[in-house]
Each structure stands twice: as structure tokens, then as C-alpha cells.
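Reckoned from all heavy atoms, side chains included, excluding hydrogens, waters and symmetry mates. Positions are given from 1, in the same order as the sequence printed here.
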Amino acid sequence: MNDIRPPAAQEALVALESELRILLGERGVSVELAAREKASLDGSRLSPVISEQLPLGLADLVAYPASAEQIAEVVAAAVRHGVPVTPRGKGTGNYGQAIPMSGGLVLDMTRAKAIVEVGDGVITAEAGATMVALEQAANKTGQQILMYPSTAQSSLGGFLSGGSGGTGSIKHGSNSSGFVTALDVVHASPEARLVHVEGDDAQPYVHNYGTAGIIARATVRLEPLQDWRGFFASFDTFEQALSLIRPFADLEPTPRLVSADLPTLADALPADPGIPAGRVSLRAILDVATVELATRMVEEAGGRVEDVREGAQTSMKISMMSYNHPIEWLQKAYPDRYFHVEVSGDALVDRIDEVHAVYEGGMLHIESQHGRPIGMLAGVYTTAADVYAGFAKLKALGVGYHNPHQWFVDFEPARTRELAASTDPEGLLNPGKLVDPATVGGPDTGVKGGHAVPTGRLGIDTGVKVS
């Protein structure tokens with residue numbers, strides 16, 4: 001534990017550790033440095049702006065509850081001792097939202113992974129259940145989940161608390177748009193228990209990083225299972241692929257995912273005959289009924305279909321090349337070179353050369369969405385100030401943007417602060433993440449604020465999965 005804390009804080013941590021060992025057993029708590037360091041990191045090295053500020057915090061102890069009920073009991077114990085609680089799932093968040101900036105307890109919920117029930121149109125599971133496990137359980141009943149993040153191994157609680165969309169968002173939008181039907185949440189109370197909320201009452205707990213209540217169990221919507229195909233096409237030019245981004249979004253039945261990239265990504269990926277090196281790549285998860293039409297569209301645009309594949313593994317592979325993942329592949333191939341900004345709007349297609357010119361080495365990863373395309377604009381990283389300087393240029397082009405190089409709640413922050421005033425009066429839930437955006441400045445000052453993407457950011461997957 002941190003020995004620089006005041007004696008009273010040290011005593012509180014020791015007392016909490018003792019209580020949690022009784023509650024969870026010896027293997028349910030750890031104060032070992034390796035475990036604490038592992039629980040205090042996420043994927044935030046994706047952001048060079050945040051990487052320059054690491055380390056951002058270190059847990060004093062880590063708890064591993066194995067059920068929703070134990071999650072509530074652990075939170076209650078921490079609150080009684082006045083110890084901060086940072087919820088954590090699979091650790092795939094990219095921007096520090098799961099880092100314990102005030103130390104204290106990291107609540108690792110990956111052992112609370114029971115799938116409670118698969119019903120007609122809904123599935124209920126504990127926070128640690130992975131999205132791929134939910135999909136598999138739903139498939140056995142002839143159903144599928146509406147959406148899952150590009151990292152399909154992310155936990156349910158993490159996707160709801162930190163993510164906002166992904167595979168399936170092209171049809172269903174963000175996970176705050178009716179995906180959740182009910183939650184069992186835990187408030188920061190000395191007598192914390194599972195609080196059941198449904199419908200509109202559940203929505204304020206989505207996408208706020210556990211700052212107003214920790215999601216311990218959730219019920220999310222299902223739809224009838226479709227027969228999906230992995231669709232791989234390539235083109236000579238990016239403009240050819242871009243010409244299909246909006247038409248592919250309008251295919252019926254709606255695709256589950258459509259992504260496209262410059263040859264730079266194909267050259268950075270492991271060898272795959274569906275994604276030939278040196279060519280623009282388009283990958284899609286299509287309903288089998290649309291494959292023939294999609295093939296004609298590709299050929300008419302001057303491209304060629306490289307492969308059409310069956311199976312869930314193909315869909316997962318295509319998902320792992322969408323949203324933030326192309327940036328990760330680029331960073332693996334070219335270390336310490338690239339950063340990205342989340343972007344949206346028709347200008348991504350109509351003014352692509354100007355969009356690319358906003359940043360040195362600019363290149364767009366683009367996703368089809370209903371209403372407007374979205375994407376990740378990568379560029380060569382120089383300084384944080386240069387990243388922020390590009391925001392005004394994007395706005396002038398009519399490009400919506402969101403600054404991902406930050407860890408505070410910026411989706412409905414006023415609503416979340418109002419809720420947290422009653423659910424977390426001592427400010428113990430994930431401290432440092434819920435602040436007034438007006439107090440942290442904006443892009444011109446070089447700090448972590450500012451966005452011009454409409455509220456809800458349809459389909460933007462920040463990659464943040466904190467529970």
C-alpha cells in the first residue's frame with residue numbers, strides 16, 4: 001500500500017483489506033504490487049497525449065468479487081472506511097477512465113460473469129460477462145445482441161459504463177439509445193445494496209464510468225438472429241471505397257459493420273488474402289441476403305471482392321479492425337508515430353483531401369453509419385497543442401469531432417453530476433472522472449476538453465470499457 005498516506009488513511013486501508021479478506025477469501029483480495037500495477041493500467045497508451053502523463057494513479061488494493069451481490073458488499077465496505085472505489089472490467093479502455101487516480105480500491109469485476117437469463121428479446125448478465133459470451137448465449141436461442149464493442153471480449157458492465165457503440169451501431173446507434181432495459185446498480189452508501197432501475201431510470205448510469213453508480217448486473221435487448229457473412233473488398237483508390245460508405249449503410253437488411261482504410265492499414269496488418277497489401281481495404285459484416293448486391297456495387301465502383309466468409313470468428317475479426325483498432329494496428333507497425341481524433345460527417349467523404357490535410361500524415365479510418373459516416377482521423381503525433389489546433393480546422397470543414405485524449409465524463413455531465421450528488425455524496429466513485437467541463441478548459445488551451453459531435457455521438461466507439 002502507499003506509505004505516504006496519512007496514518008488515518010493507512011488504517012482505513014488496512015481495515016478494509018481485513019474486512020474484504022473475510023468477505024471474499026484470500027484469493028479475492030490483493031495488495032501485491034504486480035496486481036496493483038496491473039489493475040492501475042488500461043489501454044491509454046493509444047493516446048500519446050495521455051501517455052505523456054502516465055502514471056496517473058496506483059491502486060492500494062484490488063478486490064475480485066465473484067457475483068453482483070459481492071460487488072455491492074465490497075462497495076459498502078469501502079464506503080464505510082472512506083476508501084475510493086474505481087470500477088474495472090477487462091482493462092481495454094483507451095483513455096484512463098479506469099485508472100485509480102486517487103488510489104484506494106480497484107474493483108475488478110471480471111469474476112462476476114454469470115449469464116442469468118436469456119429471454120424473449122432480452123438477456124440478463126452480471127457486469128463481468130463478456131460481450132462475446134452474451135452473443136453466444138443469445139445465438140443458442142435464435143437471437144443476437146443489438147451491438148457489441150469492437151473489442152468483443154470486453155465486459156458487459158464496461159461496455160455500458162464506458163463504451164458507446166460498435167458492431168451493430170450502424171443500425172442501432174449508441175448503447176445509450178434504448179439498448180439497456182434494466183440495471184442493478186450500486187451506490188456509494190455504507191449499506192450499499194443492489195438497486196434495480198428500469199427503462200428511463202436506467203439510462204443515466206450508462207456511459208458515465210461508474211461515477212454515479214456501479215453497474216453490477218444488466219439486462220440488454222436482443223433481436224432475431226441473422227445469417228451474417230464477412231465481406232472483404234479492395235480498391236485502387238480510397239475515393240472508390242468512400243463512394244460506397246453511404247450506400248452500404250442503406251443496404252437492407254442493414255449491415256452490422258462497414259469499415260474502410262487506406263493501404264497503410266493493409267500493410268500494417270498480419271497477412272490475409274482478403275486484405276491484400278498495397279490496396280485500399282473495405283471490410284463488412286453483411287446479411288447474406290445483401291452479398292450479391294454488395295458485390296455488384298463494389299465492382300461498379302471499380303473494386304473487387306477478395307473473399308466472403310462465414311462464421312462468428314470472421315465477424316469478430318472484422319470487428320477487431322474497426323473503430324479504434326486500426327489505430328492500434330498502426331501504432332504496432334509504426335511505434336510512437338500516430339495519434340487519432342474521433343470524427344463524423346459527410347465531409348469525411350465529400351472533402352476527404354481537405355480532411356487528410358488537417359494533420360501531418362493524415363489518414364482516415366471510416367465507418368458507415370445511418371445518417372452520417374464516422375471515423376478515426378489518424379495523424380503523425382508532434383505535440384498535444386498541435387492535436388488541439390486541428391479541431392478548429394475540422395470544424396471549419398463541417399467535420400464533427402470528439403477529443404478522445406481525456407478521461408472525464410463528457411456525455412450528459414450535468415445529469416451525471418446531479419445524480420451523483422445523491423448516489424455518491426462523498427465523491428468516492430471513480431474520483432477524478434466527474435468534473436465540470438468548464439473547469440478543465442478546451443482544445444485551445446491544450447487540456448482535455450472540447451467536442452463538436454452532437455449529443456449521443458451515434459456509433460462513436462471511444463473504446464472505453466471501465467467496468
Short side-chain donor-acceptor distance under 3.5 Å, Gln331 and Tyr381
no

Asn139 versus Gln143, side-chain donor and acceptor atoms under 3.5 Å:
no

Measuring from atom CD1 of Ile170 to atom CD of Gln369, what distance do you get when rounded to the nearest 0.5 angstrom?
6.0 Å

Using atom types as modelled and distance alone, determine if a side-chain donor or acceptor of Glu328 lies under 3.5 Å from a backbone N or O of Asn324.
no

Rounded to the nearest 0.5 Å, what separates atom CG in Asn208 from atom CZ in Arg417?
12.0 Å

Any heavy-atom pair between the side chains of Lys317 and Gln313 that's under 4.5 Å?
no

Strictly below 4.0 Å, N to O, side chains only: are Arg283 and Asp272 in salt-bridge contact?
no

Beyond-backbone contact of Glu239 with Asp353, side-chain heavy atoms, under 4.5 angstrom:
yes

Pairing donors with acceptors under 3.5 angstrom, does anything connect the side chains of Trp228 and Glu310?
no

Taking the six-membered ring where the residue is Trp, are the ring centres of Tyr359 and Phe339 under 6.0 Å apart?
yes

Can you find a heavy atom in the side chain of Val298 that is under 4.5 Å from one in the side chain of Gln240?
no

Can you tell me how far the CG atom of Leu156 sits from the CD1 atom of Ile215, to the nearest 0.5 Å?
7.5 Å

Please assess Asp108 against Lys38 for the test salt bridge (Lys or Arg N to Asp or Glu O under 4.0 Å), listing each intermediate value before the final yes or no.
CA-CA 11 Å; Asp108 184 320; Lys38 180 179 179 180; over 6 Å; no

Would you tell me whether His402 and Asp410 have side-chain atoms, one donor and one acceptor, within less than 3.5 Å of each other?
yes

Quick one: does any side-chain atom of Thr181 pair with a main-chain N or O of Thr219 as donor and acceptor, under 3.5 Å?
yes

Flag for Ser319-Thr167: side-chain donor and acceptor within less than 3.5 Å
yes

In terms of the angle between their ring planes, are His340 and Tyr95 parallel, tilted or perpendicular, with boundaries placed at 30° and 60°?
tilted

Donor-acceptor pair, side chain of Thr295 and main chain of Val291, under 3.5 angstrom:
yes

With distance as the sole criterion, is a donor-acceptor pair present between the side chains of Glu306 and Ser234 under 3.5 Å?
yes

Does any non-hydrogen side-chain atom of Thr237 lie less than 4.5 Å from one of Leu242?
no

When rounded to the nearest 0.5 angstrom, what distance separates CG in Leu56 from OG in Ser44?
6.5 Å

Quick one: does Tyr323's side chain get under 4.5 Å of Leu257's, heavy atoms only?
yes

Neighbour count above 12 (heavy atom, 6.0 Å) for Asp250 CG:
yes

Taking every heavy atom of Leu160 against every heavy atom of Ala218, the minimum-distance pair comes out as CD1-CB, 3.6 Å

Pair Ser47-His405, side-chain donor/acceptor within less than 3.5 Å
yes

Check: Ala34 main-chain N/O paired with Glu37 side-chain donor or acceptor under 3.5 Å
no

Start with the C-alpha gap between Glu360 and Arg337, add the side-chain angles, then the distance that decides, and say whether salt bridge (Lys or Arg N to Asp or Glu O under 4.0 Å) holds.
CA-CA 11 Å; Glu360 178 187 349; Arg337 181 170 176 81; 5.7 Å; no

Pair Thr124, Glu117 - check side-chain hydrogen bond (donor to acceptor under 3.5 Å, both in side chains), show working.
CA-CA 5 Å; Thr124 300; Glu117 182 181 13; 5.1 Å; no

Is it true that Arg36 and Glu32 make a salt bridge, defined as a side-chain N closer than 4.0 Å to a carboxylate O?
no

For Gln226, is there any backbone N or O sitting under 3.5 Å from a side-chain donor or acceptor partner on Gln144?
yes

Would you say Glu135's side chain and Ile145's backbone share a donor-acceptor pair under 3.5 angstrom?
yes

Backbone N/O of Asp346 and side chain of Arg351: donor-acceptor pair under 3.5 Å
no

One should read off an interatomic distance between Ser155 OG and Arg88 CZ, to the nearest 0.5 angstrom, of 10.0 Å

Output for pair (Thr86 OG1, Asn430 CG), nearest 0.5 Å, gives 4.5 Å

Are Ser67 and Glu126 packed together at the side-chain level, in the sense that at least one heavy-atom pair is separated by less than 4.5 angstrom?
yes

Is any side-chain heavy atom of Ile50 closer than 4.5 Å to one of Trp407?
yes

Say whether, by atom type as modelled, one donor and one acceptor occur between the side chain of Gln97 and the main chain of Gln406 under 3.5 angstrom.
yes

Would you say the side chains of Asp42 and Asn94 form a donor-acceptor pair under 3.5 Å?
no

Checking Thr290 side chain against Leu286 main chain: does a donor-acceptor pair fall under 3.5 Å?
no

Is any side-chain heavy atom of Asp236 closer than 4.5 Å to one of Val280?
no

Would you find more than 12 non-hydrogen atoms of other residues, nucleotides or ligands less than 6.0 Å from Arg45 atom CZ?
no

Is the number of heavy atoms from other residues, nucleotides or ligands under 6.0 Å of Asp336 CG greater than 12?
no

Just by distance, no angles: are the side chains of His207 and Thr416 close enough, under 3.5 Å, to form a donor-acceptor pair?
no

Whether the side chain of Lys433 engages the backbone of Ile99 through a donor-acceptor N/O pair (distance < 3.5 Å, no angle test) should be reported.
yes

Whether Arg309 engages the ring of Phe232 as a cation-pi pair (distance to the six-membered ring centre under 6.0 angstrom, angle to the ring normal within 45°) should be assessed.
yes

